[in-house]
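Remarks on the structure that follows.
Predicted model only: the values in this text are computed from it and were never measured.
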Amino acid sequence: MVILDVRHNFGGELTALDPIVALFKDPAVDRPNGLFVLTGRNTFSAGSLLVARLDRDTQAEIVGEAM
């Protein structure tokens, strides 16, 4: 199980999105209850785009406050 905490991610480099998402598409992680992504009211910009991509492209469970 992997827990990715992006609750205080104020943004960053968008070119890193594809490589990061690719890491979490690994079958060892991309399975039911394999990836949990913690969000919060301080998740902005590239952080929220990462969450959206993981939600769309993986089996990640998105948990926490609305972004």
Task: Single-linkage hydrophobic cluster V37~F44, side-chain heavy atoms < 4.5 angstrom - done: no

Task: Heavy-atom closest pair, residues S45 and G11 - done: CB-CA, 3.8 Å

Open item on the list: Distance check, rounded to the nearest 0.5 Å: D57 atom CG versus D18 atom CG?
Closed with: 9.0 Å

Task: Euclidean distance, F24 CZ relative to D30 CG, rounded to 0.5 Å - done: 11.0 Å

Task: Joint cluster assignment, I20 & F10, ILVMFWY side-chain distance < 4.5 Å - done: no

- [ ] Kindly compute the distance separating CZ (R7) from CD (E65), expressed to the nearest 0.5 Å.
- [x] 9.0 Å

Task: Nearest atoms (heavy-atom pairs only) where M1 meets R31 - done: N-NH2, 3.8 Å

Task: Interatomic distance, T39 atom OG1 to L50 atom CG [nearest 0.5 angstrom] - done: 11.5 Å

Task: Side chain proximity check, V6 to L4, heavy atoms < 4.5 angstrom - done: yes

Task: Shared hydrophobic cluster for V51 and F36 (ILVMFWY, side-chain gaps under 4.5 Å) - done: no

Open item on the list: Working to the nearest 0.5 angstrom, can you tell me the gap between N9 CG and M67 CE?
Closed with: 10.5 Å

Open item on the list: Tell me the closest heavy-atom pair linking G47 and T43, and the distance in Å.
Closed with: C-CG2, 3.8 Å

Open item on the list: Less than 4.5 Å apart, side chain to side chain, heavy atoms only: is that true for E61 and L35?
Closed with: no

- [ ] Work out which heavy atom in A46 is nearest to a heavy atom in L17; give both atom names and the distance.
- [x] O-CD2, 4.0 Å

